Amino acid sequence: MRDGVVLLADHYAPSSTVRGTLLVRTPYGGRFPSSLIFARVYAAHGYHVVLQSVRGTSGSGGVFEPMVNEVADGADTVAWLRDQRWFTGTFGTLGVSYLGFTQWALLVDPPPELTAAVVTVGPHDFSASSWSTGSFTVNDFLGWSDAMARQEDDGDGPVQSGLRQLTARRRLARATAGLPLGAAGRALLGSGAPWYESWLEHPDTGDPFWRPYRFGAALDTVQVPVLLVSGWQDLFVDQTMAQYRRLADRGVEVGLTVGPWTHTEVPVRGLGVLTRESLDWFDTHLAGVGGPARRSPVRVFVTGGDGWRNLEHWPPATTPRSWWLHPGERLDVTDSAVGSAEFVYDPADPTPTVGGRLLAPGGGYRRDDALAARADVLVFTGAPLTEGLLVFGCPTVELEHSSDNPHVDVFVRVSEVDTRGRSHNVSDGYRRLAGASGPVRIELDPIAHRFTAGARIRLLIAGGCLPRFARNTGTGEPPVSAVGLRPATHTITFGESRLTLPIGDDRPG
Ligand code: BEZ
C-alpha cells in the first residue's frame, strides 16, 4: 500500500481456459468457507481470483479500522494487480456484506479495468445503517464489533471457538441491555474494537465524522454493470434498494435479486442462487461469453407461497390501498374513525425485538403472537381477507401521534395472522421522533409478499425494539452515556391514522 503496509492475498489460478480476473477484499480471512464460496468456485470456472485480507486482518499489515481505509487500499491493490503477469487486463469484483462495502469503496473512483461487480448485501453507507432511524442499531453493530475483535482468537480450535460464540451471544444480550450503553459495550469488548464508542457518539448521520464511512458517491459514478443480491430480512436491504434505484435511474445496467433470507442466510441458503447468478453476470459482462446474463433485470422471491418472480424493474406498478385504525383493535377499509388508543413505553422494561432484520439467530420471519400480547404494544387486526393480496414495495404507516414525553421512538410492524390465529412478521419500521406530538409517517421494510385469502393483516405499534435498536431512555441524554429512565405514554388518535399497502398485479407469472 502507499504507506508501505503489506496486505496478504491468496491467488487462485484456473487450470482450465482463462475467462478473466476477480478481486475480493475481505476482513474475514481467506480460509474456508470464504476460500470456497468466493474463490475456488470461480477459479474452477476459469477466473483468476485474488482473495485479499484487508488492512489489519488475518496477517495483513497495519491496523483494522472498519471502512475508513478501503478507498486507498482498494486503489493500491488494483495498481498491484495491473503489474501481475497473469492479470487478464480487466477484472470484476464480488463479495458479501463488508466485502460489498469494499466494492463501493473502489467504485467511488472506478479503475478503468473494472468491468463488472456483484455486490451482495453490501452497504454503501455505514452511517445510515447505524443511525438512519435516529436510534443506534446496537445489536448488529456492537455484535459485529465484538466478532471482529475476537475473530482471530479462534486459533485454539473449533470447540473453544464454538463455546466462545455461545457465551458471546449471552454477553452481547447483557451489553445491549446495559446502561450507559457506551460502558456496557466496552465491558463486552474489553480492549478490542476501539472504534465502538466513536460510532455511538455520533448520532447525526450528516456529521463529517461519517464521511469516510459513506460511499454514496459511487452510486453517481458507476458505469459498469452491477448485480445486487439481497434478502428481505437482511439488515442492509434498504441500502441495496437505494443502490438499485440510483443506478437504474441513471440507466446503468443493474440486476437485482432478493430472496427470503436474513443477512447470514444469503451466503448459505442463498448460495446456489448467488453463485449461479454471479457466474452468469461475470460470464456475460467480464468474459463476454454466453447469452444475456439473466432472464429479467429483477428477480424477487414472493413470500407467502408464490416463490420467485421475474420483473422488469422494482417496484413493479402498484396501487395503494389503506386500512384505518378503529376502536376495538380493528383495522378497517373505512376511514376517519373516532377515538384513540394509548400505550405506555417503559425504558426500564423495553419492548423486545422479535424477528425482523436483525443480525442474530433470532432474526428473520418469526411467530410474534407473544409480542402482540404485551401490554406495551398496540394491536390492530383486519377482517379475514376475502381474496389473496399481493404486495410489492414499502408499506407506509401514518399516525396521529402524541406523547407526554418528547423523547420517544415508534416501532411499527405489519404481520399476517393465519387462519389458525398464528401471527408472523412481514415488514417493520422504526423512527425516533423529533417532538411530543404531530403526524408521523414511517416507511416500512420493502416486501414482495402475498397475504393469503382467509388470513388477516395486523398492525403492531410500540415504543421500542431492543436489542435491534438502542432503547430511547426518555430523557434526551446522549445515547452513549444516558442512564436516567423516563417512561412515555403514547396516544394514537384514530382519525387519519392508517396503514397503506402497495398492491400489485395478481396475475400469475
Ligand atoms: C458483515 O460483514 O456481515 C457486517 C459488517 C458490518 C456490520 C454488520 C455486518
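All ligand and atom numbering here is 1-based and tracks the order in the structure. Please read all numbers here as calculations on a predicted model, not as lab measurements.
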Under 3.5 Å, N/O to N/O: give me all the pairs between ligand 1 and the protein, one per line with atom names and distance.
unit_1   : atom_1 : unit_2 : atom_2 : d
ligand 1 : 2 (O)  : Tyr28  : OH     : 2.3
ligand 1 : 2 (O)  : Ser97  : OG     : 2.7
ligand 1 : 2 (O)  : Tyr98  : N      : 3.1
ligand 1 : 3 (O)  : Ser97  : OG     : 2.7
ligand 1 : 3 (O)  : His263 : NE2    : 2.7

Do Trp195 and Phe64 have ring centres separated by under 6.0 Å?
yes
Could you list the residues that satisfy ring-ring contact (aromatic ring centres under 6.0 Å, His included) with His424, not counting sequence neighbours?
none
Please name all residues satisfying side-chain hydrogen bond (donor to acceptor under 3.5 Å, both in side chains) with Glu443, sequence neighbours left out, ordered by chain then number.
none
Check: Trp232 ring centroid to His449 ring centroid under 6.0 Å:
no
Can you pull the side-chain hydrogen bond (donor to acceptor under 3.5 Å, both in side chains) pairs that have at least one residue in residues 347-367, sequence neighbours excluded?
Thr351-Asp376, Arg357-Asp445, Arg367-Asp369
Can you check whether Phe236 and His263 have ring centres sitting under 6.0 Å from each other?
yes
